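Everything on this sheet refers to the single structure shown next.
Remember, predicted model here, so these are calculated numbers, not experimental data. In this chain, numbering begins with 1 at the start of the sequence shown.
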Amino acid sequence: MTLLADHILRDGGGAVQMARQESPNDRLWIPRADGQMAILTRNVEQQVFGWTRFIAGRLRVVTEPTIA
C-alpha cells in the first residue's frame, strides 16, 4: 500500500498500530511513532488509494477508534 508513498510511514518512525474503518468510507487509520496519524482512504471498486497525514498540534494520538 505504500509503494508510491513509502515516506508516509517511514518518516514517522513506523506504525504503532492500525485500525480499519469500513463505513461510510473504507479507511485505514495508522498512528505513527511520532504522534501523527497516517490515513489511507481506499475505493477498491474504482482502484483508487490516497494517503494523508493528520497532525494534531502537539497532541499524541494513542487511542483506538471504536467501531460500532
Side-chain angles (χ1 to χ4, degrees):
M1 295 277 180
T2 61
L3 180 62
L4 298 177
D6 61 344
H7 65 284
I8 294 288
L9 296 178
R10 182 192 65 227
D11 290 355
V16 175
Q17 61 187 129
M18 180 171 44
R20 182 168 181 227
Q21 172 187 339
E22 294 181 10
S23 179
N25 298 302
D26 190 7
R27 292 192 174 114
L28 294 177
W29 296 82
I30 306 169
R32 300 181 345 171
D34 65 357
Q36 296 181 18
M37 179 76 72
I39 305 165
L40 175 65
T41 303
R42 308 181 307 165
N43 186 321
V44 178
E45 293 174 1
Q46 296 182 14
Q47 297 180 346
V48 176
F49 302 86
W51 281 102
T52 190
R53 286 183 303 141
F54 178 74
I55 303 169
R58 295 178 185 245
L59 298 175
R60 184 169 174 90
V61 179
V62 292
T63 60
E64 294 182 33
T66 303
I67 300 173

Task: With sequence neighbours excluded, residues passing side chain to side chain donor-acceptor pair (under 3.5 Å) with T41 - done: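 Testing T41 for side chain to side chain donor-acceptor pair (under 3.5 Å), a comparison that skips the adjacent residues, returns R27.
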Task: Under the side chain to side chain contact (heavy atoms under 4.5 Å, CB included) test, residues paired with Q46 that sit two or more places apart - done: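 Partners of Q46 by the side chain to side chain contact (heavy atoms under 4.5 Å, CB included) criterion, ordered by chain and then number, come out as N43, V48.
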Open item on the list: Going by the rule side chain to side chain contact (heavy atoms under 4.5 Å, CB included), which residues pair with R53 if we only count those two or more places apart in sequence or in a different chain?
Closed with: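 Residues passing side chain to side chain contact (heavy atoms under 4.5 Å, CB included) with R53: I8, R32, Q36, I55.
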- [ ] Go through the structure and list residues passing salt bridge (Lys or Arg N to Asp or Glu O under 4.0 Å) with D26, not counting sequence neighbours.
- [x]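 Partners of D26 under the salt bridge (Lys or Arg N to Asp or Glu O under 4.0 Å) test: R20, R42.
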Task: Where A33 and G13 come nearest, the two heavy atoms and their spacing - done: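 Looks like CB-O, 3.7 Å.
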TODO: Check whether any side-chain heavy atom of F49 sits under 4.5 Å from a side-chain heavy atom of L28, and report yes or no.
DONE: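 Not in contact.
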